[in-house]
Undergrad: 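One structure is given below, represented as structure tokens, and several questions about it will come after.
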Amino acid sequence: MNIFLILQMAADAMPDRVAVVSGDERLTYAALLERARTVAGALKQDQKLGFLGESNAMAPVALFAAALTGAPYVPLNYRLAEEPLNALLKRTAPALIITDRTDVAQDGLVVSASSSLLGGKPIDSDAPDDATSPAIELFTSGTTGEPKSAILRHDNLMSYILGTVEFMSAEEDEATLISVPPYHIAGISAVLSSVYAGRRMVQLPNFSAEAWLGLAATEGVTNAFLVPTMLQRIVEQIEKSGAAPQLPKLRALAYGGGKMPLQVIEAAMDMFPDVAFTNAYGLTETSSTICLLDPDDHRQARSSENPEVRRRLGSVGRPLPTIEIQIRDEDGRACGADEAGLVFVRGDQVSGEYKGAGSQLDGDGWFPTKDRGFLDTEGFLFLDGRADDVIVRGGENISPGEIEDVVIAHPSVKDVAAVAVPDTEWGEAVGLAVVVDPETTPPGAEELCEIVRKSLRSSRVPTLVHFCDALPYNETGKLLRRVIRDDLARLGS
């Protein structure tokens with residue numbers, strides 16, 4: 001099944017329902033379909049369709065226009081500096097790039113402003129029925145190296161949508177606020193799932209807590225997805241204002257894309273007691289979500305006096321019914337409950353494929369996520385950072401997460417990251433970057449080291465503690481550990 005059929009079904013079943021709200025522009029599902037057919041008419045054979053810009057109504061148009069012609073859709077990171085952006089554009093050619101920028105022309109690209117594409121004639125053909133063809137080429141964030149081009153095929157994406165969303169399940173008044181960028185898998189899955197459900201998509205191109213709260217109130221938003229840093233800023237804005245949030249229609253908040261500090265989700269649950277919270281864990285290569293900590297799990301963990309249940313508020317939940325999760329040790333053996341190792345995933349929505357490198361699935365269909373974690377006795381997945389983030393001290397593997405969980409419990413610590421720093425005796429040691437609340441009495445480095453020593457053991461004690469104003473995150477909420485490692489290495493040299 002081609003993903004274009006999602007829009008075609010929605011437009012046939014609810015043509016007059018509003019599909020997209022982008023600033024002053026409002027598109028119905030019928031209008032969204034018409035625009036997709038019009039843009040598809042401008043695409044030449046063997047061209048990809050790229051989108052370079054902030055979220056606007058043309059982003060979902062481009063996604064479905066590409067699908068209609070059988071061309072891959074390539075959303076590009078408009079925040080990149082000139083050199084890395086040009087490198088991605090070169091890898092995208094030949095392509096039609098929808099953008100209002102004038103500085104991206106190069107060989108193999110046809111650059112067109114959004115407005116110039118809407119005056120053509122819509123095509124009336126059917127979408128190709130080859131479900132195994134590439135639907136999306138999505139560049140990964142590249143936080144540890146050059147971005148990879150992940151290939152998501154139509155059957156991968158449809159497996160995710162059909163397994164998680166019911167057609168026309170949204171009431172006509174339901175609206176989702178999309179504040180993640182269009183080049184992120186969460187932004188793409190938000191479009192596909194919202195269209196299939198029939199939910200109005202409200203776009204927020206540039207996130208700020210004030211803008212998010214204002215737009216959510218004005219548009220009567222019922223659903224939203226946020227990365228942890230966004231939710232943290234919303235919580236801080238509400239605390240700063242001293243007034244209860246005026247969002248009576250808000251029903252559900254999903255979050256993901258990074259580790260959620262416990263104090264943030266607890267504060268958010270207190271601020272929005274009638275809102276259903278969901279933690280969604282997924283990857284670009286898995287067509288979005290593979291695990292969910294659902295609203296009931298949140299409530300049970302928050303209210304439980306059983307520490308085994310309560311700690312699940314820090315988990316990413318259990319696999320979707322269509323997904324299998326396995327934890328393996330460094331030798332490839334399956335780990336038992338509560339035993340940390342490497343996370344592998346299997347399911348029809350899992351692509352695990354990169355352009356130029358092919359499929360990364362093993363012979364049994366398992367994809368190595370390169371995340372570390374463990375499953376508890378009830379199948380809840382706890383993530384422990386990326387495999388590349390492990391600190392190797394004298395041959396002993398140390399997880400940054402276990403140290404961060406201990407330090408973040410200090411009431412004055414707002415954010416923390418543990419990374420490897422060079423050590424002449426042990427090869428690597430623990431370095432700590434810490435952000436403290438300026439309105440509290442900050443802890444000293446020795447105090448934090450003593451907390452780690454008492455809670456864990458001496459090998460986990462940091463040899464370097466650096467206090468800073470903020471930790472570096474990318475625009476989708478991923479902690480840039482390599483930046484912290486470089487900064488601490490310079491401080492320790």
Side-chain angles (χ1 to χ4, degrees), residues 55 75-81 84-85 88 138-150 152 178-190 206-207 225-234 254-262 264-265 279-291 293 314-316 342-343 345 354 367-373 381-391 399-401 403-405 408 414-420 431-435 468-488:
S55 289
L76 295 153
N77 185 347
Y78 62 89
R79 292 186 172 105
L80 289 175
L85 176 59
L88 296 192
L138 194 58
F139 290 105
T140 61
S141 59
T143 57
T144 58
E146 184 182 70
K148 298 176 182 177
S149 180
L152 301 178
I178 301 177
S179 51
V180 289
Y183 54 81
H184 190 275
I185 184 59
I188 291 171
S189 64
N206 294 297
F207 174 84
F225 176 87
L226 297 162
V227 299
T229 50
M230 292 176 177
L231 185 57
Q232 182 169 0
R233 289 171 188 168
I234 290 168
Y255 60 92
K259 188 172 183 178
M260 175 65 74
L262 279 177
V264 173
I265 186 60
N279 188 356
Y281 163 62
L283 301 93
T284 300
E285 297 89 345
T286 63
S287 309
S288 195
T289 304
I290 54 176
C291 278
L293 187 73
S315 78
V316 295
L342 301 172
V343 180
V345 59
Y354 302 112
F367 174 68
T369 67
K370 297 186 179 178
D371 283 331
R372 288 182 57 83
L381 177 62
F382 292 76
L383 295 179
D384 207 17
R386 300 287 289 171
D388 292 343
D389 297 335
V390 169
I391 303 162
S399 166
I403 301 169
E404 292 163 356
D405 288 343
I408 199 69
K414 290 183 63 178
D415 206 357
V416 61
V419 299
L432 210 60
V434 183
V435 180
C468 52
D469 294 333
L471 298 184
Y473 290 87
N474 71 8
E475 64 281 353
T476 57
K478 292 187 182 297
L479 181 65
L480 300 177
R481 289 185 185 270
R482 73 171 186 272
V483 175
I484 300 172
R485 284 197 296 266
D486 292 345
D487 289 345
L488 295 194

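Just so you know, these numbers use all the heavy atoms, side chains as well, and skip hydrogens, waters and symmetry mates.
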Undergrad: Of all residues at least two apart in sequence or in a different chain, which pass the side-chain contact (heavy atoms from CB on, under 4.5 Å) check with Ala417?
TA: Glu404, Leu471, Leu479, Arg481, Ile484
Undergrad: When you measure from the side chain of Asn474 to the backbone N and O of Leu480, does any donor-acceptor pair fall under 3.5 Å?
TA: no
Undergrad: For Pro182 and Ser55, work out which heavy atoms get closest and say how close.
TA: CD-OG, 3.3 Å
Undergrad: Can you check side chain to side chain contact (heavy atoms under 4.5 Å, CB included) on Tyr473 and Asp415, steps first, answer last?
TA: CA-CA 12 Å; Tyr473 290 87; Asp415 206 357; 2.7 Å; yes
Undergrad: Taking atom CD1 of Ile290 and atom CG of Leu381, what is their separation to the nearest 0.5 Å?
TA: 7.5 Å
Undergrad: Would you check if the side chain of Thr140 reaches a backbone N or O of Lys148 as a donor-acceptor pair within less than 3.5 Å?
TA: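 Checked: pair present.
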Undergrad: Where is the tightest heavy-atom contact between Arg485 and Val419, given as atom of each residue plus distance?
TA: CG-CB, 3.5 Å
Undergrad: Leu152 versus Ile185: any side-chain heavy-atom pair under 4.5 Å?
TA: yes
Undergrad: So do the side chains of Tyr281 and Leu283 get within less than 4.5 Å of each other, counting heavy atoms only?
TA: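 They are in side-chain contact.
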Undergrad: Sub-3.5 Å donor-acceptor pair from the side chain of Thr286 to the main-chain atoms of Gly282, do we have one?
TA: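 Judged by distance alone, no pair lies under 3.5 Å.
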Undergrad: Which pair of non-hydrogen atoms, one from Asn279 and one from Ser315, has the smallest distance, and what is that distance?
TA: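 Looking at all heavy atoms of both residues, the shortest contact is ND2-O, 3.1 Å.
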Undergrad: Decide yes or no on side chain to side chain contact (heavy atoms under 4.5 Å, CB included) for Thr229 and Phe207, but give the supporting numbers first.
TA: CA-CA 11 Å; Thr229 50; Phe207 174 84; over 6 Å; no
Undergrad: Looking only at heavy atoms, what is the nearest atom pair of Leu138 and His184, with distance?
TA: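 What the structure gives for the nearest pair is CD2-C, 4.4 Å.
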Undergrad: Measure the shortest side-chain to side-chain distance between Ser189 and Thr289 over non-hydrogen atoms and say whether it is less than 4.5 angstrom.
TA: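 A side-chain contact under 4.5 Å is absent here.
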Undergrad: Flag the pair Asp389 and Lys370 as a salt bridge only when some basic side-chain nitrogen lies within less than 4.0 angstrom of an acidic carboxylate oxygen.
TA: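 A salt bridge is absent here (no side-chain N lies under 4.0 Å from a carboxylate O).
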Undergrad: Any side-chain heavy atom of Asn77 within less than 4.5 Å of one from Phe139?
TA: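 Asn77 vs Phe139: side chains apart.
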Undergrad: Is there a side chain to side chain contact (heavy atoms under 4.5 Å, CB included) between Leu342 and Arg372 once you walk through the steps?
TA: CA-CA 5 Å; Leu342 301 172; Arg372 288 182 57 83; 3.9 Å; yes
Undergrad: For a quick test of reading the model, state the closest non-hydrogen atom pair linking Met260 to Leu231 and the distance between them.
TA: CE-CD2, 3.5 Å
Undergrad: Taking side chain to side chain donor-acceptor pair (under 3.5 Å) as the definition, give me every residue that meets it alongside Arg386, ordered by chain and number, with sequence neighbours left out.
TA: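 With neighbours one apart ignored, the set is Asp371.
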Undergrad: Tyr255: which residues meet the ring pair (Phe, Tyr, Trp, His ring centres under 6.0 Å) condition with it, sequence neighbours left out?
TA: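 Ring pair (Phe, Tyr, Trp, His ring centres under 6.0 Å) check on Tyr255 returns His298.
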Undergrad: What's the shortest heavy-atom distance between Pro400 and Ala418, and which atoms?
TA: CB-O, 3.3 Å
